[in-house]
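This report refers to the structure that appears directly beneath it.
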Amino acid sequence: MGSTADTPQTGRGGSIPAYRYNASLAAGIEQKWQDHWEQDRTFEAPNTAGPLADPAVVAGREKLFILDMFPYPSGSGLHVGHPLGYIATDVFGRFKRMTGKNVLHAIGYDSFGLPAEQHAIVTGIHPRINTESNIANMRRQLRRLGLAHDQRRSISTTDESYYRWTQWIFLQIFNSWYDDRLKKARNITELEKEFESGMRQPTTAQSAKKWKDLSKLEQRKILDDYRLVYLANAPVNWCPGLGTILANEEVTAEGRSDIGNYPVFKRNMRQWTMRITAYADRLLDDLDRLDWPESIKLMQRNWIGRSTGARVRFASAAGEIEVFTTRPDTLFGATFMVLSPEHQLVDALTTKSQQSAVEKYRESARKLNDNERQNDDRKKTGVDTGATATNPVTGQQIPIWIADYVLMGYGTGAIMAVPSGDERDFEFARAYKLPIVAIQMPPGEWFAIHDIAPSPDCASWPSAYVGEGRYINSSNKNISLDGKRSMSQAISLINSWLEKNDFGESAITYKLRNWLFSRQRYWGEPFPIVYDQDDMPHAVPDKLLPVKLPELTDFKPQALDPNDEKTDPLPPLARVTEWLSVELDLGDGKKTYRREVNVMPQWAGSCWYELRYLDPTNTVQFVDAEVERYWMGPKTAGHTGGVDLYVGGVEHAVLHLLYSRFWHKVLFDLGHVSSEEPFHKLFNQGYIQAFAYRDSRGQTVPANEVVEQNGDFIFEGESVAREYGKMGKSLKNIVTPDEMYDEFGADTFRLYEMSTGPLDASRPWNTRDVVGMQRFLQRTWRNLVDEETNKLHVSNDPAPLELRRALHRCIHGVHQDMENLRFNTAISKLIELNNALTMHVNATGSTPREIAVPLTQMLSPLCPHIAEELWQKLGVETPITYTTFPVADPKLLISETIEIPVQINGKLRARLAAPADISDDELRALALADAKVIAALAGATPAKIVIVPKRLINFVL
RNA sequence: GCCCGAGUGGCGGAAUGGCAGACGCGACGGACUCAAAAUCCGUUGUCUGAAAGGGCGUGCGGGUUCGACUCCCGCCUCGGGCACCA
């Protein structure tokens, strides 16, 4: 433990002043103030209602809800990369408190889920024990950073009092359906009423009978088809290496698991699925109303992938085949159809002679996983089914093929192939000698680029033509597109024709898939669901929540070979026989039910945690409505509401940020929250990266033992290669906050992290550079405090005008920088001010109080501990946390004389000292009288003189 | 392949149409010290010059402008996202 703030330190050989600001003095100051803040409960933010309410303190203050993406409590604790965002939000929050805001800032732990569980499996320790000790360690590390968090609001997703509400929200979703007419989620009982009253009919696919003629069980099954979370037998991503299925979002482009990098296989399983696609339009459209980085919005737009076009039905011997196309205008050019090998009509369509070929192709397609399909050099393969379908506009019989380039998971799993207008279809048609008919005449340039003569005969074309072009060969008795040039006009013409003749209609399709919500693991929220004898799912009654995760001694998932795609998963909870069956009265007498043995995915807990921060101790509601409205409600009509500032890494662009938006919108529809979006403003911080070093055998060597010599990197006398990237245990380049606290102190560490670049930029970590911020604080300390006696040497003498002006320029700049999260430039400005102050102190021996006070205030958001210590020494009564941030005096932002650059032909030739209020005429006269200007002009008369008032003059010759 | 983002001293970066390199690190010189560390003072884009000064300079090539790191067009390199999405 370092010395406390009031105990002098003994420097080596007694040569270091006793109260020099260094790591050991900082340690004492920091601990002192961290204890003080805790005892004083300095950073508790009052609510408007409920147990955390303090209306008197709330009154008259604007609220500000700042949020960090909460961490996984991993076993290795924090490295210096983790706190970057936490420091930034802390600086911002502290700054905003000093501008009068009621700031809510807290941090919790995302403690369920695969990473924690995988770690537990590796260490062999129960995830709960492991998780709790990891959280304790992270809390300790974060406390030493001096974050101004409201400790009462720190939750963990694994707390029973938290996941009780995660289960409750799940049941809200389970008990809802999406009303396409009203475009919102509603309670499922309202759908039942609509069926009963006849306002709504089951679709013919669901039942041929009238609602009232259906049995209770049949009715129940139809209702279940509408629920926002439902059981579906569908193709899932099965990852035997993790013993669980995964969401699409958790599978990499290589067809492997995001976590652990195990192979993932497609197979059918009955799983809980969240109907996120019902919200596709709103998730897409509401992006426009959010203050998010454009790049993240774009990633979400691409992920949702809305395409507008048409559904078209083709008649065949096996019944209608429906396709989706974005280009219905090209229907006249559809010369064949392609079905996905998994399409349900393939068996019925295939002719006898093609049966064995089709079966063989389907078998080989099944064996390929997505990964292998990709490495396939993209050569198109396929097989003729022997069957034909009728092109509705041409009336022609066109062949039906199957090919694996058509995906079952998108559109209808079948396409109309227009080889002249689609590159993939063109390639396929060329490979299998299928007819290609031009339906648009490409423009002349297109032929020129391909160096061929313009011709509507596709035999000469090297590729398909995609784009606008005059339509040809596109007419029948009832409709003609020929001669038209506008694609949108052609599309709307053909769409109305299709609709009129009942061949199809305009339609929208999304890339977004519904969210697979079951995991065959242990460390997650149990589903609040039980099954009856008919295998129908029922909600566990609210008063029986939470459904507690049973304690297991063997919590490991079933061990499977990562390549074993055949074995069925056996969730760990299925082994807890005494927990598995339960006696309940769900309104029709006591019966025995079987519990759901899957658990929720890692994302469940993080889908709503920001709401629980608001009202963490509420036992009757997940959040009090008034409290939610205060912190997250819309600010004006049309405002989405939500967190005022959400800071985190870009890696959550489509997973967490899409899922939590979805849950939030359901809660909004059901009237549980007043905000339409969870996170109004999003900011992506960059990453702290690091250098790693490998020896000649490719082994990483400890980065902190590598020395640089003349541009070469040497470890134990041998040259090693440097690489740049993440910090990681295996890369042996981890630097921990603890090392920084010990070596420099938390304030220096905070300043360093904020000073190295703009918040959204990634930057390398360089421990060597940290000392710069240490020196800055040391000089500031020395300017205010006598290093030998620990006494303040601040005077009441007025500051000279120039120093006072420097102060106000600094205040002005720092204010703007803080407001815009530009902490790096704010720090530069503070250093400049301090450097100016140092010159004054060197000359006069003391710091004017009128400088010392605002300087300390401005430092306080960035390095709060040293600022508190100085504040105490300055003897100001108001706590620094709640003083008003200094405000610049506009009169002092203007100097009496300014320096004006003189350009000749845009090149700098001279600088003039001029009065600040110089007129253009005076400036011109002054410049023309300047010796350097006279020399540079060499007697020539300027053709033009450009003057930017009070800033610049440029002579054009 | 398609879509984003970024390229500035030895290093992190600043300047978003108007003095390129603020601020920090490092390096070099000096003070203090028996010495070192720490601290303090100074120099530091590059070429040229004894100096004053001058030439060049923001990935590359063009353009707009009195004036471009900044805006436009075309390339190169790096980073990220998506990837047979009909």
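Every chain is numbered from 1 and lettered A, B, ... according to where its sequence line falls, protein lines coming before strand lines.
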Round to a whole Å and report the spacing from [atom1] of [X] to [atom2] of [N].
{"X": "Met754(A)", "N": "rG24(B)", "atom1": "CE", "atom2": "P", "answer": "18 Å"}
{"X": "Asp769(A)", "N": "rG10(B)", "atom1": "CG", "atom2": "C1'", "answer": "12 Å"}
{"X": "Leu908(A)", "N": "rA15(B)", "atom1": "CG", "atom2": "P", "answer": "20 Å"}
{"X": "Leu833(A)", "N": "rG24(B)", "atom1": "CG", "atom2": "P", "answer": "13 Å"}
{"X": "Ile953(A)", "N": "rC66(B)", "atom1": "CD1", "atom2": "P", "answer": "16 Å"}

When all nucleic acid strands are considered with a 4.0 Å heavy-atom cut-off, which category describes [X]: base, sugar-phosphate, or nothing?
{"X": "Thr325(A)", "answer": "sugar-phosphate"}
{"X": "Arg909(A)", "answer": "sugar-phosphate"}
{"X": "Thr509(A)", "answer": "nothing"}
{"X": "Val956(A)", "answer": "sugar-phosphate"}
{"X": "Glu294(A)", "answer": "nothing"}

**Asked** Between the side chains of Ser307(A) and Tyr410(A), does any donor sit under 3.5 Å from an acceptor?
**Response** yes

Does a nitrogen or oxygen in the side chain of [X] sit under 4.0 Å from OP1 or OP2 of [N]?
{"X": "Arg782(A)", "N": "rC40(B)", "value": "yes"}
{"X": "Arg775(A)", "N": "rC25(B)", "value": "yes"}
{"X": "Ser762(A)", "N": "rG79(B)", "value": "no"}
{"X": "Asn835(A)", "N": "rC23(B)", "value": "no"}
{"X": "Arg779(A)", "N": "rC40(B)", "value": "yes"}
{"X": "Gln903(A)", "N": "rG18(B)", "value": "no"}
{"X": "Asn905(A)", "N": "rG67(B)", "value": "no"}

**Request:** Please state the P separation for the pair rG17(B) and rG9(B) - nearest whole angstrom.
**Result:** 22 Å

Quiz item: [X] side-chain donor-acceptor pair to [N] base, under 3.5 Å:
{"X": "Asn954(A)", "N": "rC66(B)", "value": "yes"}
{"X": "Arg768(A)", "N": "rC25(B)", "value": "no"}
{"X": "Lys829(A)", "N": "rC23(B)", "value": "no"}

Whom does [N] pair with, Watson-Crick or G-U wobble, provided both distances fall under 3.5 Å?
{"N": "rG61(B)", "value": "rC73(B)"}
{"N": "rA83(B)", "value": "none"}
{"N": "rC28(B)", "value": "rG42(B)"}
{"N": "rG53(B)", "value": "rU48(B)"}

**Message:** Quick check: closest heavy atoms across Asp425(A) and Val418(A), and the distance to 0.1 Å?
**Reply:**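 Taking Asp425(A) first and Val418(A) second, the nearest heavy atoms are OD2-N, 2.9 Å.
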
**Request:** List the atom of Pro758(A), the atom of Asn824(A), and the distance in Å for their closest heavy-atom pair.
**Result:**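 That closest heavy-atom pairing would be N-ND2, 3.4 Å.
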
**Prompt:** By ring-ring contact (aromatic ring centres under 6.0 Å, His included), which residues pair with Phe428(A), not counting sequence neighbours?
**Reply:** Phe336(A), Trp401(A), Tyr405(A), Tyr432(A)

**Complete:** Assigned chi class of rG9(B) under the 90° convention is syn

**Item:** Electrostatic pair Glu802(A):Arg805(A) at N-O distance under 4.0 angstrom
**Value:**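 Salt bridge present between Glu802(A) and Arg805(A).
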
**Prompt:** When you measure from the side chain of Leu298(A), which nucleotide among rC4(B), rC11(B), rC23(B) comes out closest?
**Reply:** rC4(B)

**Prompt:** Taking the nucleotide of RNA chain B with the closest heavy atom to each, which residue, Gly906(A) or Leu952(A), is nearer the 5' end?
**Reply:**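 Going by which nucleotide is closer to the 5' end, it is Leu952(A).
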
**Message:** Does the structure place the NZ or CZ of Arg722(A) under 6.0 Å from the centre of the six-membered ring of Phe691(A), at an angle of no more than 45° from the ring's axis?
**Reply:** yes

